[in-house]
Amino acid sequence: FYPDAWVAITRSLLGTKAKGMKRTAVGGAACSHMATAAHVIKVIQTAGMLAWYYTYAPSVLSLSALQAQPLAQLGLGIGLVLCGQIFNVGIYTAIGQNGVYYGNKFGAPLGPWCTGFPFNVPGPIGRHPQYFGVLLTIAGLTVLAWCPEMVEAGGVVVSLTWCSYYVVTSIIEQTENTERKIED
């Protein structure tokens, strides 16, 4: 990860507006650009997953397939998705866009250090609550889609592969320097 390169790209995107801006303002813009990129990636991931299901397990995408699931499966799937989204909303509420999107690396203004929810959850969950939320959401969606056709088509492998990318990213972030840049 090359935060200075991302900030340089942001400066070039801002053009002449960047000339009079402080490092913290450019850092905040870099966070906004990172947030936009992350949301575009999420749209691509979602479209890719829907295309995969449409191609290999199309019945999973029907409302009737969802309604045919046992209540326990529906409850577990919905519960996992909701818990995952509680963690995702919690992280944005706790540290905001600049905290979520590498403001400490870009020199963006940051709020006070957060020790409340979701960071107060024990273990690796509290260290990476956003990734944990994503993993719960993917697990919940996998449970909701679970049927013989999905399993035979390799849907579980796709979900586990998708989850592994988040696990690897969290390990990489765990080993990085997390000091806050304070410049201007």
Side-chain angles (χ1 to χ4, degrees), residues 1-50 80-142 158-184:
F1 180 58
Y2 301 97
D4 291 332
W6 190 263
V7 171
I9 291 168
T10 296
R11 280 190 185 281
S12 69
L13 290 172
L14 292 171
T16 56
K17 291 191 290 186
K19 290 196 189 307
M21 293 174 77
K22 293 183 175 184
R23 166 80 181 183
T24 55
V26 175
C31 291
S32 292
H33 290 140
M34 181 65 77
T36 300
H39 290 103
V40 168
I41 289 168
K42 291 290 178 207
V43 168
I44 292 168
Q45 285 177 333
T46 301
M49 184 57 84
L50 289 173
L80 287 167
V81 169
L82 288 176
C83 285
Q85 292 310 300
I86 287 169
F87 276 94
N88 286 328
V89 169
I91 191 82
Y92 281 92
T93 302
I95 62 175
Q97 178 175 277
N98 288 356
V100 171
Y101 295 106
Y102 308 105
N104 64 317
K105 305 282 187 193
F106 299 146
L110 299 171
W113 193 260
C114 180
T115 57
F117 184 81
F119 294 100
N120 60 355
V121 177
I125 297 167
R127 177 69 176 113
H128 296 288
Q130 183 179 11
Y131 294 132
F132 182 70
V134 171
L135 295 176
L136 286 177
T137 300
I138 293 170
L141 293 172
T142 303
V158 170
S159 294
L160 289 172
T161 302
W162 194 2
C163 287
S164 72
Y165 297 142
Y166 285 101
V167 171
V168 168
T169 302
S170 72
I171 291 168
I172 290 168
E173 287 185 5
Q174 181 75 27
T175 62
E176 289 181 338
N177 179 358
T178 58
E179 290 180 26
R180 293 174 170 217
K181 284 188 172 188
I182 302 173
E183 298 175 17
D184 250 344

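All residue numbers in this chain count up from 1 along the given sequence. Reckoned from all heavy atoms, side chains included, excluding hydrogens, waters and symmetry mates.
The distance from atom OG of Ser159 to atom CD1 of Ile138, rounded to the nearest 0.5 Å, is 7.0 Å. The distance from the CG atom of Leu14 to the CD1 atom of Ile9 is 12.0 Å, given to the nearest 0.5 Å. Note that CG of Leu141 is 9.0 Å distant from OG1 of Thr46, once rounded to the nearest 0.5 Å. Here OH of Tyr165 is found 14.0 Å from CG of Leu135. Values are rounded to the nearest 0.5 Å. Taking CD1 of Ile41 as the start and CE of Met34 as the end, the distance is 8.0 Å to the nearest 0.5 Å.
Side-chain atoms of Asn98 come within 3.5 Å of backbone atoms of Pro109 as a donor-acceptor pair (strictly under, hydrogens ignored). A distance-only check finds no donor-acceptor pair linking the side chain of Trp6 to the backbone of Phe106 [under 3.5 Å].
By the side-chain hydrogen bond (donor to acceptor under 3.5 Å, both in side chains) test, Tyr92 is found to be paired with Tyr101, residues two or more places apart in sequence or in another chain being considered. Ala8 meets the side chain to side chain contact (heavy atoms under 4.5 Å, CB included) test with no other residue; sequence neighbours excluded. Listed by chain and residue number, His128, Tyr131 satisfy the side chain to side chain contact (heavy atoms under 4.5 Å, CB included) test with Ser170 (two or more places apart in sequence, or in another chain). Residues passing the side chain to side chain contact (heavy atoms under 4.5 Å, CB included) test with Val158 are Met49, Trp52, sequence neighbours excluded. Every side chain to side chain contact (heavy atoms under 4.5 Å, CB included) that Leu82 has, sequence neighbours left out, goes to Ile78. The ring pair (Phe, Tyr, Trp, His ring centres under 6.0 Å) test applied to Phe87 returns Phe117, Phe132, not counting sequence neighbours.
Looking at heavy atoms from C-beta onward, Val7 lies in side-chain contact with Arg23 at the 4.5 angstrom threshold. Between Leu80 and Thr137, the closest side-chain pair of non-hydrogen atoms is not below 4.5 Å. Residues Phe119 and Pro129 form a side-chain contact, since some pair of their non-hydrogen atoms from C-beta on lies under 4.5 Å apart. Lys22 has its side chain out of reach of Val26: every pair of non-hydrogen atoms, C-beta onward, lies at least 4.5 Å apart.
In terms of heavy atoms, Val100 sits closest to Ile95 at N-CD1, 3.7 Å. Closest approach of Cys31 to Gln97, counting heavy atoms only: C-NE2, 4.1 Å. Residues Thr161 and Ser164 come closest through the heavy atom pair O-OG, 2.6 Å. Taking both residues in full, the closest heavy atoms of Thr10 and Ala30 are given as OG1-CA, 3.3 Å, listed atom of the first, atom of the second, then distance. Here the closest heavy-atom approach between residue Asn120 and residue Thr115 is recorded as CB-O, 3.4 Å.
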*Starting from the C-alpha separation in whole Å, work towards a yes-or-no answer on side-chain contact (heavy atoms from CB on, under 4.5 Å) for Asn88 and Val134.*
CA-CA 7 Å; Asn88 286 328; Val134 171; 4.1 Å; yes
